[in-house]
Every structure is written in C-alpha cells, then in structure tokens.
Amino acid sequence: MNPLKHVAIIMDGNGRWGLKHKNSRNAGHKAGLSTVEKIIKSSIKNKIKFLTLFAFSTENWKRPKKEINYLFSLLQSFLSDKITELNNQGIKLKIIGKKNFSKKLNKLLSSSENKTSSNTKIQINLALNYGSKIELINAFENVQKNKEKINEKNIVKYLLTKNIPDPEILIRTGNTKRLSNFLLWQLAYSEIFFVKKLWPDFNEKDFDYIIKKFKNIKRNFGKI
Ligand code: IPE
Ligand code: IPE
Ligand code: MG
C-alpha cells in the first residue's frame, strides 16, 4: 500500500455548475465552498497531512472583475466566519501565492496563517494568485542571487512548497485534462486523477474512491 501524505486539487467546474443550476457562475463558486469543507473533513479522516487547493491562479485575473470580486468576498467571509473553527480542528493554513489583494484581505490571510501556525493535524495550502512558472522563476533567481549551484536541492528550497513533500495525488475535477500552471515541478511524479464531475458535485465518496485506487497503484519512480 502506498503511503499518502499530500493531496493536491485543482477545483474546477464551479462556473459551469452555477450556470447549469442557478444561471449564475458565482452561485457555483458558493456551492464549491461546501465541497471544500467536505474534503477538508475527509482529508483529516484519511490522515492526510497536506492538502493543497488551487483556488485562484495568476491567470484568473483575466476574468471579469465582477467574478474576481465575488471570489475574494467569498473567501473573506469564509475565513472571518470559520477561522476559529478551523483552528480548533487543528488545521494549519498556509497561503501559497503572492498576497496582493485588498489590504483587508491581505491582513485577514496573514492573521489566519499566524493564528493557525502551530497546528499539526493537517496543513492546508491555499493556492491563491498562484502560478507555477512565476514560482520557478523566483526560485531560479534566488539560486542565482545567492551564487548557489543549480541543483534540485537548491531549487526546492526556494519554492513556495519548501518543507512540504511533493503531492502523491493530483485531482482535477471539471472534466478537463490539463495542469493550468499548477505545481509543475512538484507534480513530476504524482498520480493524476481527472474527474468528470464538476467541483460542487464532488464528494467524500469520490475522494475515498481515488485514495483507495491510489493505494494500490504500482509506483515505479523509474525502477521496475
Ligand atoms: C474553478 O472553477 C474555480 C476557479 C478558477 C476560481 P471555474 O470558475 O474555472 O469553473 P468553470 O471551469 O468555468 O466551470
Ligand atoms: C484552474 O482552473 C485554476 C483553479 C482551479 C483555481 P481554470 O478554470 O482557471 O483553468 P483553465 O483556464 O480552464 O485552464
Ligand atoms: Mg475552469
């Protein structure tokens, strides 16, 4: 049975779900938040130590302002309402990506990280304004600036995921098979599960099924 520490998820399909059910993309984002809560609970149950959720990419700034504003207002009210509860559950929150949102949201994100920083049950990495290419460029720049040798060890220590093991599993919902600039380095050897369901329809059963499947995969890492 394969050990499992880290699951990464591209939570895709909110917009389509919202349009289909409520004629509003934003309604899909709201519904997607309930799935986030379910999957956090399920991850704890499955003793997963790291859960990385792709919530907003560096490319998502190309969306209409109305949708972007809605997404961040959703995040803001979610964190204001739930951070105490998350903290009580032993969740450590870490933002990966550049915090260049409103002053109020930046502050809330930092305070949520600080408040939960000593928790050990599970670490949730929220990828927000995250892009893998810019992450890698910054890492290479740091290696160069410090006149270090370009090798795996030195690059990894400047990634936003330093000290976090690479994900064993990547899940992308929403019936789309691409990485969309997510964790390009860290996913080098991950088992990838593309799921047809839209994110708001994804549930604990789907998650458990993937974990079960993963446990029995023969992972070679180049060996035979
Ligand atoms: C993913 O769902 C969530 C974010 C990018 C914030 P989408 O909003 O991309 O949903 P679809 O793919 O348009 O249905
Ligand atoms: C990827 O989904 C980003 C997030 C889930 C946050 P997108 O819906 O933005 O990806 P593309 O643009 O279809 O590749
Ligand atoms: Mg999408």
Side-chain angles (χ1 to χ4, degrees), residues 6-40 42-43 50-79 82 93-102 105-106 108-109 112 123-137 159-161 164 167 169-188 190-203 206-207 210:
H6 185 176
V7 176
I9 307 183
I10 301 175
M11 311 183 287
D12 195 24
N14 288 349
R16 278 164 286 164
W17 190 96
L19 284 177
K20 188 171 147 202
H21 294 276
K22 316 221 160 168
N23 201 24
S24 139
R25 288 184 52 85
N26 285 348
H29 293 308
K30 186 148 192 229
L33 208 49
S34 310
T35 309
V36 170
E37 295 192 83
K38 281 185 212 158
I39 297 309
I40 292 176
S42 194
S43 298
F50 300 91
L51 176 67
T52 300
L53 300 172
F54 202 7
F56 195 85
S57 73
T58 45
E59 288 70 34
N60 287 146
W61 293 110
K62 295 173 193 159
R63 294 187 179 204
K65 238 200 154 88
K66 204 175 127 235
E67 178 164 339
I68 296 175
N69 288 341
Y70 184 79
L71 277 167
F72 292 131
S73 71
L74 206 58
L75 176 64
Q76 195 156 307
S77 52
F78 176 78
L79 277 183
K82 302 276 165 113
L93 182 72
K94 184 181 159 67
I95 307 302
I96 59 170
K98 194 160 187 246
K99 290 190 202 78
N100 64 350
F101 315 106
S102 70
L105 181 56
N106 290 342
L108 179 61
L109 291 170
S112 302
Q123 176 168 331
I124 298 188
N125 304 309
L126 195 58
L128 262 189
N129 189 20
Y130 171 86
S132 187
K133 287 190 175 178
I134 191 70
E135 176 190 33
L136 285 166
I137 290 167
L159 294 178
L160 298 168
T161 53
I164 300 171
I169 294 179
L170 170 73
I171 300 170
R172 180 176 187 139
T173 58
N175 200 20
T176 302
K177 294 176 179 165
R178 55 177 172 253
L179 296 180
S180 304
N181 198 17
F182 189 47
L183 301 175
L184 301 178
W185 175 286
Q186 296 88 338
L187 295 175
S190 307
E191 306 299 333
I192 301 183
F193 295 83
F194 292 110
V195 178
K196 287 204 173 121
K197 277 190 180 179
L198 305 172
W199 178 248
D201 290 328
F202 189 72
N203 60 37
D206 302 316
F207 192 58
I210 287 173

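Model, not experiment: these values are computed from the prediction. Just so you know, ligand 1 is whichever comes first in the structure, and atom 1 is the first atom listed for that ligand.
- Counting only distance, with no hydrogens or angles, the side chain of N69 and the backbone of K66 share no donor-acceptor pair below 3.5 Å.
- Of the inter-residue distances, the one linking D206 atom CG with T173 atom OG1 reads 10.0 Å to the nearest 0.5 angstrom.
- In plain terms, the two heavy atoms of S42 and F207 that are nearest each other are OG-CD2, 3.4 Å.
- N125 contributes atom CG, which lies 9.5 Å from atom CG of L160 (distance to the nearest 0.5 angstrom).
- Looking at L183 and F54, their side chains never come closer than 4.5 Å, going by heavy atoms from C-beta outward.
- Protein N/O/S atoms found under 2.8 Å from the Mg ion (ligand 3), listed by chain and residue number: D12 OD1.
- The line from CG of L71 to CG of N60 is 7.5 Å long, rounded to the nearest 0.5 Å.
- With ligand atoms numbered from 1 in the order given, ligand 2 contributes 11 (P), 13 (O), 14 (O) to contacts under 4.0 Å with heavy atoms of R178.
- Put simply, the side chain of N26 does not reach to within 4.5 Å of the side chain of N14, judged on heavy atoms.
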Run through all N or O atoms in ligand 1 and write down each protein N or O closer than 3.5 Å, as a pair with its distance.
from     : atom 1 : to  : atom 2 : distance (Å)
ligand 1 : 2 (O)  : D12 : OD1    : 3.4
ligand 1 : 2 (O)  : G13 : N      : 3.3
ligand 1 : 2 (O)  : N14 : N      : 3.3
ligand 1 : 8 (O)  : R25 : NH2    : 3.0
ligand 1 : 8 (O)  : R63 : NH1    : 2.7
ligand 1 : 9 (O)  : D12 : OD1    : 2.9
ligand 1 : 9 (O)  : R63 : NH2    : 2.8
ligand 1 : 10 (O) : G13 : N      : 3.4
ligand 1 : 10 (O) : N14 : N      : 3.2
ligand 1 : 10 (O) : G15 : N      : 2.9
ligand 1 : 12 (O) : D12 : OD1    : 2.8
ligand 1 : 12 (O) : R16 : NE     : 3.4
ligand 1 : 12 (O) : R16 : NH2    : 2.9
ligand 1 : 13 (O) : R25 : NH1    : 2.9
ligand 1 : 13 (O) : R25 : NH2    : 3.1
ligand 1 : 14 (O) : G15 : N      : 3.4
ligand 1 : 14 (O) : R16 : N      : 2.7
ligand 1 : 14 (O) : R16 : NE     : 2.7

M11 and T35: CA distance, side-chain angles, deciding distance, side-chain contact (heavy atoms from CB on, under 4.5 Å) verdict = CA-CA 9 Å; M11 311 183 287; T35 309; over 6 Å; no

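- Here L51 contributes atom CG and I169 contributes atom CD1; the two are 11.0 Å apart, rounded to the nearest 0.5 Å.
- Considering CG of N175 and CG of L198, their distance stands at 8.0 Å, rounded to 0.5 Å.
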